Amino acid sequence: MTVQIYNTLTRKKEPLRPLEENHVKLYVCGITSYDYCHIGHARSSLVFDMVVRYLRYRGYKVTFVRNFTDIDDKIIARANERGEDPSALALRFIDEFYTDMDALGTLRPDIEPKATEHIQEMIALIQNLVDKGLAYPAHGDVYFRVTGLDNYGRLSGRSLDDMQAGARIEVNAAKENPMDFVLWKGAKPGEPKWESPWGEGRPGWHIECSAMSKKYLGDTFDIHGGGKDLIFPHHENEIAQSCGASGKEFANVWMHHGFVTIKDEKMSKSLGNFLTIRDVLNTYDAETLRLFIFSTQYRNPLDFSEEALRDAGSGLDRIYTTLAEIEALSPTAETESKIGKKDRAKLESLQERFQQGMDNDFNTAQAIGVLFDCVKVLSKLVRVHGANLPQPDYDLLNHVAGIMKELGNILGVLTRNPSTVVAEKQQRLRAQLTITEQEIEELISRRNTARAEKNWATSDEVRDTLLEHNIVLQDGPEGTTWNIVDR
RNA sequence: GGCGACGUAGCCAAGUGGUAAGGCAGUGGUCUGCAAAACCAUUAUUCAGCGGUUCGAAUCCGCUCGUCGCCUCCA
């Protein structure tokens with residue numbers, strides 16, 4: 001079985017076949033750095049972080065390139081609003097991006113090129129296109145001639161006729177065809193600019209990815225990724241530029257992830273319905289956010305809600321609690337297993353089933369289902385046999401727990417020590433208590449006296465009092481214990 | 001208007017031609033004075049609707065309805 005990936009270009013799942021044996025070359029469109037990143041950006045980074053981790057787990061060498069767009073209309077506009085230098089603003093938000101990425105625990109790409117550091121490569125590429133008749137200078141700008149290619153529109157599945165019928169195209173007299181797009185923008189007063197054969201100016205948006213992917217990965221490489229909103233025009237135009245210039249294929253596989261939505265509407269700056277990464281990490285930890293983001297397959301829309309995030313949090317707690325319980329076990333001298341056939345089969349097939357899910361176009365929802373399926377079994381076994389666990393069963397439980405952590409790491413979860421996580425949570429909850437532990441003990445003791453006298457009214461009253469302080473009681477054979485309710 | 005995606009239990013979500021994973025919630029049981037927690041069991045004769053192909057369809061095809069996205073900057 002090989003990794004199957006849905007290719008936007010062919011609209012099919014295809015087996016991954018890297019050009020170079022066992023070496024995957026991946027280019028992902030990164031951020032335009034002019035503001036803090038929101039949860040949609042987090043999804044993008046986390047999806048490709050997971051893709052890279054999984055491919056490496058599957059034995060591939062991965063060269064991962066992700067760019068920064070650090071020169072662009074929006075950066076200039078924002079800088080002007082704030083009276084800040086555009087490049088300083090771009091650099092500042094790249095720093096903020098790193099702060100968020102580190103908080104999310106994403107791996108750094110192997111190469112993170114910035115547009116402004118590749119102006120010469122872009123100029124060379126544009127010159128190549130001009131020489132081939134695929135681009136033309138006009139009024140200080142340079143435009144790509146879309147009619148020069150016979151298959152412009154093949155990624156987004158639209159024809160030039162379709163697009164012109166759409167008629168949502170700005171009037172620009174300099175263009176031969178309304179769908180022609182800008183490769184180089186002539187300088188306007190006060191804007192950042194670079195020398196070029198066509199006069200001073202700056203690059204258009206799409207050309208940077210063509211130039212930088214070529215430089216670091218070659219004319220043709222394996223996977224190009226980004227959000228669904230980049231399919232048109234950004235990726236369509238990259239294909240036009242790169243294929244036009246090289247005469248070769250560009251990226252073999254195009255991966256596009258779905259949006260994060262709020263109440264089923266796309267989260268976006270223009271709608272103003274976005275939450276920044278740091279907003280969310282203020283309340284929820286990174287692993288919770290990861291589990292939430294991976295709870296659906298990457299191509300589907302993901303609806304953000306506090307409830308969904310809380311669900312992810314309790315799921316994560318449950319796994320950590322079970323793993324911590326396994327850590328605390330000790331075996332007996334017995335050598336005969338008490339684990340039934342069905343449970344054993346589930347545990348032993350964990351890795352294989354997880355891999356099946358992930359091989360299926362990185363279906364993290366399926367893979368997480370497998371993880372929980374095993375947690376269920378582990379938790380039951382700890383409950384039923386924990387106090388009296390034969391050596392071989394002890395070994396199996398620990399083995400499976402180890403695999404679970406390894407697989408979790410592909411999603412960037414279960415990276416911490418389970419006992420520590422559980423202890424820290426208790427500590428955090430204790431810090432929020434509105435009652436001292438001594439008072440709790442006193443109340444429990446008062447209740448136990450009442451219970452001994454079968455004074456249930458007083459007993460229940462005490463229990464309710466404690467519940468108001470988020471303390472829930474558990475009467476067991478060894479006496480009464482208490483826990484803090486996480487609200 | 002053009003192009004595309006999606007519609008599976010109360011909610012989230014897998015399944016992509018062989019008879020509905022998993023999570024949250026619910027119900028019954030064990031336990032308990034009653035609870036809580038935990039465990040055990042159970043919860044969709046059916047996959048938006050209607051046709052068609054097939055021995056067989058949630059899965060393939062057609063139409064209808066609904067939701068969302070792209071066509072302008074967007075992850």
Side-chain angles (χ1 to χ4, degrees), chain A residues 4 8 11-13 28-32 34-35 37-48 69 72-74 77 153 156-159 161-170 179 205 225-234 236 256-261 264-271 274 291-292 295-297 299-303 305 307-308 310-312 314-316 318-319 353 357 360-361 363-376 379-384 450-451 454-457 459-460 463-464 467 471-477 480-483 485:
Chain A
Q4 304 275 321
T8 307
R11 288 153 217 284
K12 280 190 311 230
K13 280 184 202 171
V28 174
C29 290
I31 59 157
T32 299
Y34 71 104
D35 206 343
C37 288
H38 59 62
I39 300 304
H41 299 111
R43 186 179 194 189
S44 178
S45 332
L46 291 175
V47 162
F48 289 105
T69 299
D72 160 272
D73 290 352
K74 287 194 298 294
S156 51
R158 47 191 103 190
S159 68
D161 291 344
D162 288 344
M163 289 185 270
Q164 283 164 42
R168 283 177 68 183
I169 297 150
E170 81 280 19
M179 292 314 297
W205 175 32
K228 273 190 156 82
D229 46 4
L230 297 183
I231 295 173
F232 191 88
H234 187 53
E236 195 69 74
H256 292 101
H257 65 259
F259 305 126
V260 177
T261 59
D264 292 326
E265 272 195 328
K266 181 182 171 185
M267 184 183 284
S268 73
K269 296 263 164 78
S270 43
L271 286 171
F274 64 92
L291 200 66
F292 162 68
S295 69
T296 188
Q297 204 263 355
R299 282 187 288 125
N300 296 141
L302 175 66
D303 203 49
S305 70
E307 192 193 355
R310 272 199 301 271
D311 282 359
S314 22
L316 192 63
R318 187 155 156 243
I319 303 178
R353 288 187 295 145
N360 179 19
D361 195 23
N363 197 330
T364 50
Q366 196 179 341
I368 288 171
V370 174
L371 241 37
F372 274 109
D373 196 34
C374 281
V375 169
K376 197 169 160 180
S379 163
K380 182 183 77 180
L381 293 175
V382 169
R383 252 2 103 181
V384 177
R451 289 178 74 212
K454 299 199 190 296
N455 182 353
W456 309 129
S459 163
D460 292 350
R463 189 168 60 195
D464 290 344
L467 198 57
I471 301 297
V472 63
L473 297 184
Q474 285 155 20
D475 299 325
T480 301
T481 58
W482 58 276
N483 258 313
V485 189

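Here is the naming used below: chain letters follow the sequence lines, and residue numbers restart at 1 for every chain. Note that these values count all heavy atoms, side chains included, but never hydrogens, waters or copies made by symmetry. Given the structure is predicted, the values throughout are model-derived calculations rather than measurements.
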**Asked** Using purine N1 to pyrimidine N3 plus N6-O4 or O6-N4 for Watson-Crick, or N1-O2 and O6-N3 for G-U wobble, each under 3.5 Å, what pairs with B/G1?
**Response** B/C71
**Prompt:** In whole Å, what is the span from the CG atom of A/Asp72 to the P atom of B/A75?
**Reply:** 9 Å
**Prompt:** To the nearest 0.5 Å, how far apart are CD1 in A/Ile39 and SG in A/Cys37?
**Reply:** 10.0 Å
**Message:** How many whole angstroms separate atom CG of A/Asp264 from atom P of B/G7?
**Reply:** 13 Å
**Request:** State whether the number of non-hydrogen atoms from other residues, nucleotides or ligands found under 6.0 Å of A/Glu307 atom CD is greater than 12.
**Result:** no
**Prompt:** Could you give the CG-to-C1' distance, from A/Asp460 to B/G33, as a whole number of Å?
**Reply:** 9 Å
**Message:** Categorize A/His234 for me: base, sugar-phosphate, or nothing, with a 4.0 angstrom heavy-atom threshold over every strand shown.
**Reply:** nothing
**Request:** Assign A/Arg451 to base, sugar-phosphate, or nothing according to its heavy-atom contacts below 4.0 angstrom with the strands shown.
**Result:** base
**Expected output: side-chain A/Asp303 to main-chain A/Asp264 donor-acceptor under 3.5 Å** = yes
**Fill in**
When rounded to the nearest 0.5 Å, the distance separating CZ of A/Arg318 from OG of A/Ser314 is 9.5 Å
**Request:** Pick base, sugar-phosphate or nothing for A/Asp475, based on heavy-atom distances below 4.0 Å to the nucleic acid.
**Result:** base
**Asked** With sugar-phosphate meaning primed atoms plus P, OP1 and OP2, does A/Leu473 contact a base, only sugar-phosphate, or nothing at under 4.0 Å between heavy atoms?
**Response** base
**Request:** Using the P atom on both, measure B/G18 against B/G51 and round to a whole Å.
**Result:** 24 Å
**Request:** State whether the aromatic ring of A/Phe259 stacks on the base of B/G69, taking stacking to mean ring centres under 5.5 Å apart and ring planes under 30° to each other.
**Result:** no
**Item:** Nearest-Å distance once atom P is located in both B/U8 and B/G4
**Value:** 22 Å
**Prompt:** Could A/Asp373 and A/Lys376 be called an ion pair, given the rule that one side-chain N must be under 4.0 Å from one carboxylate O?
**Reply:** no
**Asked** Which whole-number value in Å describes the distance from A/Met179 CE to B/U72 C1'?
**Response** 11 Å
**Message:** Any side-chain to backbone donor/acceptor pair from A/Ser45 onto A/His41? Under 3.5 Å, distance only.
**Reply:** yes
**Asked** So which one's nearest nucleotide on RNA chain B is more toward 5', A/Asp303 or A/Ser270?
**Response** A/Asp303
**Request:** Mind running side chain to side chain contact (heavy atoms under 4.5 Å, CB included) on A/Ser295 and A/Leu302 for me, showing each step along the way?
**Result:** CA-CA 9 Å; A/Ser295 69; A/Leu302 175 66; 4.2 Å; yes
**Message:** Using whole Å, what does the distance between atom P of nucleotide B/C71 and atom CG of A/Asp161 come to?
**Reply:** 19 Å
**Message:** Please give the distance between the C1' atoms of B/U16 and B/A38 as a whole number of Å.
**Reply:** 38 Å
**Prompt:** So which nucleotide does B/U46 pair with, by the Watson-Crick or G-U wobble rule with both distances under 3.5 Å?
**Reply:** none
**Request:** If the plane angle is over 60° it's perpendicular, under 30° parallel, otherwise tilted; pick one for A/His38 and A/Phe274.
**Result:** tilted
**Item:** Upstream residue (5' side of RNA chain B) when A/Glu307 and A/Lys454 are each assigned their closest nucleotide
**Value:** A/Glu307
**Prompt:** OP1, OP2 of B/C68 versus side-chain N and O of A/Lys228: anything below 4.0 Å?
**Reply:** no
**Message:** Using OP1 and OP2 only, check whether a side-chain N or O of A/Arg11 sits under 4.0 Å from B/A5.
**Reply:** no
**Message:** Any base atoms under 4.0 Å from A/Ser379, or only sugar-phosphate, or nothing? Heavy atoms, all strands.
**Reply:** sugar-phosphate
**Asked** A/Arg43 near the nucleic acid: base, sugar-phosphate alone, or nothing, with a heavy-atom cut-off under 4.0 Å?
**Response** nothing
**Request:** Please report the C-alpha distance between A/Gln297 and A/Gln366 in whole Å, then the side-chain angles of each, then the deciding distance to 0.1 Å, and finally whether the side chain to side chain contact (heavy atoms under 4.5 Å, CB included) criterion is met.
**Result:** CA-CA 8 Å; A/Gln297 204 263 355; A/Gln366 196 179 341; over 6 Å; no
**Donor-acceptor contact present, side-chain A/Lys228 to main-chain A/Phe259, <3.5 Å** = no
**Nucleotide opposite B/A21 in a Watson-Crick or G-U pair, distances under 3.5 Å** = none
**Pairwise C1' distance, B/A57 and B/G10 [rounded to whole Å]** = 27 Å
**Request:** Considering only atom P, compute the distance from B/G28 to B/A14 and round it to an integer number of Å.
**Result:** 31 Å
**Item:** Watson-Crick/G-U partner (both atom distances under 3.5 Å) of B/C65
**Value:** B/G7
**Asked** C1' atom, B/U53 versus B/G17: distance in rounded Å?
**Response** 12 Å
**Distance between C1' atoms of B/C12 and B/G52 (Å, rounded)** = 33 Å
**Message:** For the C1' atoms, the ones on B/U19 and on B/U59, what distance do you get once it is rounded to whole angstrom?
**Reply:** 12 Å
**Asked** Touch check for A/Val47, heavy atoms < 4.0 angstrom, all strands: base, sugar-phosphate only, or nothing?
**Response** nothing
**Message:** Could you check whether any side-chain N or O of A/Arg43 sits under 3.5 Å from a backbone N or O of A/Gly258, counting only pairs where one atom can act as donor and the other as acceptor?
**Reply:** yes
**Request:** Tell me what A/Ser156 touches on the nucleic acid: a base, only sugar-phosphate, or nothing, going by heavy atoms under 4.0 Å.
**Result:** sugar-phosphate
**Request:** Please state how far atom CZ in A/Arg318 lies from atom P in B/A37, giving the value in whole angstrom units.
**Result:** 13 Å
What are the atom names and distances for every N/O pair under 3.5 Å that joins the protein to nucleotides 14-18 of chain B?
{"residue": "B/A14", "atom": "OP1", "partner": "A/Thr296", "partner atom": "OG1", "Å": "3.0"}
{"residue": "B/A14", "atom": "OP1", "partner": "A/Gln297", "partner atom": "N", "Å": "2.9"}
{"residue": "B/A14", "atom": "OP1", "partner": "A/Asn300", "partner atom": "OD1", "Å": "3.0"}
{"residue": "B/A14", "atom": "O3'", "partner": "A/Asn363", "partner atom": "ND2", "Å": "2.8"}
{"residue": "B/G15", "atom": "OP1", "partner": "A/Asn360", "partner atom": "ND2", "Å": "2.6"}
{"residue": "B/G15", "atom": "OP1", "partner": "A/Asn363", "partner atom": "ND2", "Å": "2.6"}

**Request:** Please work out if A/Gly226 contacts a base, only the sugar-phosphate, or nothing of the nucleic acid, heavy-atom cut-off 4.0 Å.
**Result:** sugar-phosphate
**Prompt:** Who is the Watson-Crick or G-U wobble partner of B/C31, with both distances under 3.5 Å?
**Reply:** none
**Item:** Distance, rounded to the nearest Å, where A/Asp464 contributes CG and B/G33 contributes P
**Value:** 18 Å
**Request:** Report the distance from atom NE2 of A/His256 to atom P of B/A75, rounded to the nearest whole Å.
**Result:** 13 Å
**Fill in**
Among the nucleotides B/A35, B/A75, B/C39, whichever has the atom closest to the side chain of A/His257 is B/A75
**Request:** Hunt down the Watson-Crick or G-U wobble partner of B/A57, both distances under 3.5 Å, from any strand shown, or write none.
**Result:** none
**Message:** Need one value for A/Gly227: base, sugar-phosphate or nothing, where a base atom within 4.0 Å counts as base even if backbone is also close, heavy atoms only.
**Reply:** sugar-phosphate
**Asked** If you check the A/Trp456 side chain, which of B/G33, B/C71, B/G23 turns out closest?
**Response** B/G33
**Asked** For the side chain of A/Gln474, counting heavy atoms from C-beta on, which of B/A36, B/A75, B/C70 is nearest?
**Response** B/A36
**Request:** Scan A/Lys269 against the nucleic acid and name what it touches under 4.0 Å (heavy atoms): base, sugar-phosphate only, or nothing.
**Result:** nothing
